[in-house]
Amino acid sequence: MAARTGEEFLAGLRDAREIWFEGERVRDVVAHPMLGRCARTLAELYDLQWDPALRDQLTYTSPSSGEPVSLAFLETRSPDDLVRRRVMFKLWADQSGGMLGRTPDYLNAILAGCAMARDHFARNGPEYAERIVAYYEWARERDICATHTFLDPQSNRARSQTEQPDPTVPLHIVAESAEGLVVSGARVLATLAPYSDELFVFPSTSRLQLSDAQRYAFAFAVPVATPGLKFICRESLDLAGSPADHPLSSRYEEMDAVAVFHEVVVPWERVFLKDDIALLNALFRQTHAFIHGIHQFIAKNLAKAELVLGVASLVAEAIGRTEVPAYQQLLGEIVDAVETLRAYLRAAEADAIVDATGYCVPNPTIMTTARNYFPKVYPRLVEILQLIGSSGLMATPTEADLQRPELAADVEKYYQSATLMGHERVRLFRLAADLACSGFAGRQVLYERFFAGDPFLLAAARFTSYDRSTAVARVRALLAREPNVDSRALDASGAAGAGHAAHPTGRLLRHPAADA
Ligand SMILES: Cc1cc2nc3c(=O)[nH]c(=O)nc-3n(C[C@H](O)[C@H](O)[C@H](O)COP(=O)(O)OP(=O)(O)OC[C@H]3O[C@@H](n4cnc5c(N)ncnc54)[C@H](O)[C@@H]3O)c2cc1C
């Protein structure tokens, strides 16, 4: 087995999966008028892996089969590996300008991270480590596309799982058999579910499981097409219209769904952690598994910020405002976001760490900072596009209007701009509106606020888990008027400041990473 083609990916979606969409069970996701377009967009990404010009940038040779497999699965052993993998992340992200948030490389990088963190699973028992590694290798050779659900439904967040009015709502174990675990209940929120082969049910990256809940304590994976497992989609943000009218939502509407389990059997070889609540809570806190996922989505975020910069620049040019200092300032804010993201990537690769088992990880502290940065800045980038585009974002007739001979002269005359013909300006502003004003745009903002975890809890954890001792000691010394801290010893390199390499299981490397 090897990296898949688009056709192979699409063929894999034609199975017995239970996808519910607008009151109907979808029989064929690929043929569906609303859902099919994103399936084909994903297929195009898979096809790139077999493009002779790109193959070496997107794949590497499998250590088990000798076949080309996606670089997202790479177990990283050097900073060069990190750079190589990031080039792959960025190449895929650039295809959609980062609008397809959940390309398969995201969870595949996290799965590789779990395999690299096999020692953590071994603490639950040696069989758990063997299972996660075997599953990772299986997934790598099949080039899977996965979705995940890390959270219980939003019933009553003030209560633990057992304290819910109905404690059978959160996904829970109902029985154990020779075959495996039997689970019922629900989990949220499975982005990309209709297009996925596999579902990962893992603990949250941002919240702790309360300690009274062993029957809620597990990490496993099941095929999307598993008997008893259904996915209930939200309504589509792809309006099924012309791609010229909705350039983003017609291609990159990746869908979100709630996963509902009715006595689903999870074979034992797919159960990766169980019972040990402390180990589950520690999975993404004390291993680097999720840091590899952050590496993917910061590359995606860079592509996304670059898309906003490109669109905002053209919109400002179109209406003749690029010489106005206030507009330049707004556009400069987007430039700062682009360059901040590029710097995070480069710094995390340059200051990579090597963990206890010899794997190389982008600097966890820098990656965590980058993770917390984007949910704050992306809404601002969209706001800037709204401020620059203003009413023009709503002066946007459709492709059907542009085709009408009776309207042609009016469109060319009244929609013309400083740099564009009328019909060209309409196309640009429709793209800008899809990015800043549509339902798709609103979901993108919500996605960036939340998909990587609860921003409130993550911000608080930033304070509580950061090693502030050097900074505090320096201030104490200042207050005591006894300079008992040698400032030359602090932060001598200028790169590793207080708490910089803060992760218990890593050693800091120094590496001149290639340009991000
Ligand atoms: C578009 C989208 C796609 C997603 N895709 C996935 C996916 O594929 N897989 C997956 O597992 N999850 C996914 N998520 C879920 C995501 O992980 C959660 O949204 C996130 O962890 C926050 O949890 P919650 O939505 O349950 O919010 P809640 O926990 O219900 O919190 C609601 C609000 O309260 C705030 N809050 C929490 N605690 C406090 C406090 N003590 N004081 C003040 N405010 C507080 C939160 O920050 C938030 O703003 C997705 C979310 C979105 C929006």
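Just so you know, ligand 1 is whichever comes first in the structure, and atom 1 is the first atom listed for that ligand. All values below were derived from every heavy atom in this structure, side-chain atoms included, with hydrogens, water molecules and symmetry-related copies excluded. None of these values were measured; they are calculated from a predicted model.
- Every atom of ligand 1 with a heavy atom of T149 under 4.0 Å away is listed here by number and element: 11 (O).
- Residue R207 has at least one heavy-atom neighbour below 4.0 Å for each of these atoms of ligand 1: 21 (O), 22 (C), 23 (O), 24 (P), 26 (O), 29 (O).
- Short contacts between ligand 1 and F451, defined as distances under 4.0 Å to a heavy atom of the residue, involve ligand atoms 17 (O).
- Within the 4.0 Å heavy-atom cutoff, V188 counts among the residues contacting ligand 1.
- Nearest protein neighbour of atom 19 (O) of ligand 1, counting heavy atoms only, is F450 CB, 3.4 Å.
- Ranking the protein heavy atoms by distance from atom 28 (P) of ligand 1 puts R157 NE, 3.6 Å first.
- When only modelled atom types and interatomic distance are considered, S438 and D434 share a side-chain donor-acceptor pair under 3.5 Å.
- Among Q154, E254, Q444, the residue whose heavy atom lies closest to atom 27 (O) of ligand 1 is Q154.
- Remark: atom 33 (C) of ligand 1 lies closer than 4.0 Å to no protein heavy atom.
- The shortest heavy-atom distance from R449 to ligand 1 is not under 4.0 Å.
- At a heavy-atom cutoff of 4.0 Å, ligand 1 is contacted by the side chain of D256 but not by its backbone.
- Put simply, atom 8 (O) of ligand 1 has protein non-hydrogen atoms near it, under 4.0 Å away.
- At least one N or O atom of L189 sits closer than 3.5 Å to an N or O atom of ligand 1.
- Heavy atoms from both the backbone and the side chain of H148 come within less than 4.0 Å of ligand 1.
- A salt bridge links E253 with R234: the distance from a Lys NZ or Arg NE/NH1/NH2 to an Asp or Glu carboxylate oxygen falls below 4.0 Å.
- The shortest non-hydrogen separation linking F231 to A190 is CE2-CB, 4.0 Å.
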Exercise. Given salt bridge (charged side-chain N to carboxylate O under 4.0 Å, His left out), test E198 with R142 step by step and report yes or no.
Key: CA-CA 11 Å; E198 292 278 311; R142 276 156 193 76; over 6 Å; no
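- Residue contact check: G453 has heavy atoms under 4.0 Å from atoms 20 (C), 21 (O) of ligand 1.
- Proximity of W92 to L48: side-chain heavy atoms (C-beta onward) are separated by under 4.5 Å at one or more points.
- Heavy-atom separations between L446 and ligand 1 include at least one value shorter than 4.0 Å.
- The structure places CG of D256 at 9.0 Å from SG of C233, a figure rounded to the nearest 0.5 Å.
- Considering both main-chain and side-chain atoms, D454 comes within under 3.5 Å of ligand 1 through a nitrogen or oxygen pair.
- Note: Y46 and F9 have parallel aromatic rings, judged against thresholds of 30 and 60 degrees for the angle between ring planes.
- Classification of the F220-F218 ring pair by plane angle, with boundaries at 30° and 60°, yields tilted.
- Of the charged side-chain nitrogens involved, none lies within less than 4.0 Å of a carboxylate oxygen, so that R4 and E141 do not count as a salt-bridged pair.
- By the 4.0 Å heavy-atom criterion, R187 is excluded from the residues contacting ligand 1.
- Atom-to-atom distance recorded for K304:NZ and E306:CD is 13.5 Å, nearest 0.5 angstrom.
- When only interatomic distances are considered, the shortest N/O to N/O separation between T191 and ligand 1 falls below 3.5 Å.
- The shortest N/O to N/O separation between L151 and ligand 1 does not fall below 3.5 Å.
- With contacts defined as side-chain heavy-atom distances shorter than 4.5 Å, the pair M255/D238 does not qualify.
- Atom 41 (N) of ligand 1 has its closest protein heavy atom at F456 CE2, 3.1 Å.
- Using bins of under 30°, 30° to 60° and over 60° for the plane-to-plane angle, the ring pair F202/F284 lands in the parallel bin.
- Close N/O approach between R102 and ligand 1 is found [any backbone or side-chain N/O within under 3.5 Å].
- For a threshold of 3.5 Å applied to N or O pairs, the pair formed by R443 and ligand 1 contains no separation below that value.
- Ring pair F21/H32 is perpendicular by interplanar angle, where above 60° counts as perpendicular and below 30° as parallel.
- Those atoms of ligand 1 that come under 4.0 Å of a heavy atom in F150, given as number and element, are 10 (C), 11 (O).
- Checked against D152 for a salt bridge (Lys or Arg N to Asp or Glu O under 4.0 Å), the options R159, R207, R187 give a single hit: R187.
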